[in-house]
Number of protein chains: 2
Amino acid sequence: MTYCVAMRVDEGLVFLSDTRTNAGVDHVSAARKMAVFEQPGDRVLVLLAAGNLALTQAVMQLLSEPAPEDKPTLYNVATMAEAARLVGDAVREVHRRDAATLAEFSVDFNCSFILGGQIRGANTRLFMIYSAGNFVESSQVSPYFQIGESKYGKPIIDRVVTPSTPLDEVAKCALVSMDSTLRSNLSVGLPLDLLVYEKDALQVTRFSTIDNDNHYFQMIHRTWGERLRQIFGEIPNPTWADPANVPLRARETVSNVPRVTGSELRAEPDTSAPPFQTLMQPESGQSQH
Amino acid sequence: MTYCVAMRVDEGLVFLSDTRTNAGVDHVSAARKMAVFEQPGDRVLVLLAAGNLALTQAVMQLLSEPAPEDKPTLYNVATMAEAARLVGDAVREVHRRDAATLAEFSVDFNCSFILGGQIRGANTRLFMIYSAGNFVESSQVSPYFQIGESKYGKPIIDRVVTPSTPLDEVAKCALVSMDSTLRSNLSVGLPLDLLVYEKDALQVTRFSTIDNDNHYFQMIHRTWGERLRQIFGEIPNPTWADPANVPLRARETVSNVPRVTGSELRAEPDTSAPPFQTLMQPESGQSQH
């Protein structure tokens with residue numbers, strides 16, 4: 001598995017990828033899933049890859065190979081959308097070559113990509129390219145893409161990132177999101193590649209490979225867990241009200257235990273459902289237990 | 001989809017399930033996924049279900065139907081493990097009846113269950129039953145099970161729940177876990193069924209159906225998001241160091257941008273990789289940008 005995330009905000013772009021690859025838990029290795037196509041002053045394009053490593057590397061190889069003068073490459077296309085089409089075309093070429101054979105081995109054609117960057121004269125843009133070679137672009141309402149193991153790290157992004165979030169705060173969010181993912185899924189692992197692209201820089205200005213010894217990531221890992229436990233502790237526990245002691249309100253009529261009566265399962269029918277407490281509704285003035 | 005979670009701690013058991021069912025986003029309905037087999041003073045068994053609704057209901061029907069005197073039921077088995085075997089047997093009977101026909105319609109035999117509870121004279125126990133009818137039991141090191149859409153809500157449980165966590169704090173954790181899941185997956189929805197079982201009560205004492213109007217859940221939903229954003233804001237942003245200005249240390253040699261040089265893609269080979277900043281290592285005394 002893999003976890004890659006890229007976010008596009010007003011100040012620029014943030015890319016973060018892990019480096020773990022595996023073919024079963026007893027066959028774990030590392031591979032970089034980020035590739036940077038940079039022509040200082042003209043363009044920076046960053047490609048993140050998830051899925052079958054042989055497939056994503058095949059796509060990368062096609063995109064990195066020498067091309068005839070008149071052929072478009074990621075170094076000469078005029079727009080980011082054209083760059084995304086190039087990546088999609090490369091995916092489709094690999095599909096033509098490999099998919100049928102893989103199917104004979106019951107291996108899915110499984111690969112996806114995030115492409116982001118800026119070409120001189122235009123704004124930053126961010127795309128996600130599917131294994132069918134089609135793609136979608138990010139927007140103000142959905143300023144990020146994830147590929148690979150996306151779920152554990154999604155809630156924090158949804159809560160804190162908006163287009164106006166400062167760039168380094170977005171980088172911090174990507175690292176917190178990665179930390180939750182690392183904790184829950186063994187197939188995602190350090191080191192991480194973090195690239196923070198400042199809009200209009202048109203070159204790589206902030207990049208770091210983050211391993212176990214990185215003190216900033218260690219601090220995030222330790223602090224985030226501690227503070228989560230702290231705020232969790234500060235939220236009051238539920239309190240319980242005995243419906244036998246308070247007038248039933250309309251809403252509470254749905255609060256019935258979904259009992260399987262079992263009256264037919266036993267010699268003695270059970271007609272006396274015992275009383276129970278429902279979750280306290282603080283505004284109702286009910287007595288607490 | 002569905003999200004159900006059950007946790008077993010020293011003080012008892014907590015069960016939480018949502019009620020949304022769907023066959024595509026344009027066909028959304030509600031069904032209860034919790035069933036309670038209660039014989040006050042003798043046993044409380046709680047069953048949570050996820051998967052194909054017709055399959056989980058078929059299993060429930062088998063478990064709820066009248067049985068001959070000499071046949072085991074959830075109301076007369078002597079141990080929780082025997083109860084789990086009964087649920088597994090019911091799953092296998094439904095598989096025998098339905099799986100082949102479903103396969104003709106390319107419908108997976110997809111169902112899973114959590115069974116927890118207590119029978120007089122024994123401790124509380126918690127099991128997860130797979131669609132193959134086999135099952136596993138929880139332990140001190142892994143005191144909870146989730147079925148359905150489990151990933152969004154897993155990190156908070158991993159961080160806060162241990163066997164010694166007080167029962168109502170476990171209930172709070174289940175609700176925070178559910179809140180993260182509701183936020184990220186439309187196929188999980190209110191109302192929720194929450195059952196908190198106090199060890200040795202041998203009857204249902206705390207139960208609540210939680211809908212949009214439940215003030216405690218509203219408070220969790222609002223407070224948790226606010227506090228998450230607050231602690232996120234309090235963690236310092238990364239700072240960046242310029243490797244050109246500081247002596248390279250051994251660890252930093254891996255911090256190379258994974259550039260696709262593109263030298264073969266362009267007429268003019270690019271020999272000058274521009275300098276970039278790496279993530280600041282606070283202990284190194286490097287200058288900050």
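The chains referred to below are lettered A, B, ... by the order of the sequence lines, with proteins before strands, and numbering in each begins at 1. As a basis for the values below, the full set of heavy atoms in this structure was taken, side chains included, without hydrogen atoms, waters or symmetry mates.
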Applying a strict 4.5 Å limit to non-hydrogen atoms, the region of A:Arg159 in contact with chain B is both

Okay, A:Glu149 and chain B: the region with an atom under 4.5 Å from a heavy atom over there is side chain

Checked B:Asp158, B:Leu228, B:Thr223, B:Leu195 vs chain A; the most non-hydrogen pairs under 4.5 Å come from B:Leu228

Distance col, row B:Asn76:CG vs B:Asp70:CG, nearest 0.5 angstrom, shows 10.0 Å

Most heavy-atom pairs under 4.5 Å with chain B, out of A:Val160, A:Val196, A:Asn185, A:Ile235, belong to A:Ile235

Okay, B:Pro191 and chain A: the region with an atom under 4.5 Å from a heavy atom over there is neither

Q) Can you find a pair of side-chain heavy atoms, one from A:Leu175 and one from A:Leu192, that are under 4.5 Å apart? A) yes

Ranking B:Met60, B:Lys71, B:Gln218, B:Lys154 by heavy-atom pairs under 4.5 Å to chain A gives rank one to B:Lys154

When rounded to the nearest 0.5 Å, the distance separating CD of A:Gln39 from CG of A:Leu202 is 10.5 Å

Donor on one side chain, acceptor on other, B:Glu65 and B:Gln61, under 3.5 Å:
no

Inset, instruction - Using a strict cut-off of less than 4.0 Å between a Lys/Arg side-chain nitrogen and an Asp/Glu carboxylate oxygen, indicate whether A:Arg32 and A:Asp193 qualify as a salt bridge. - result: yes

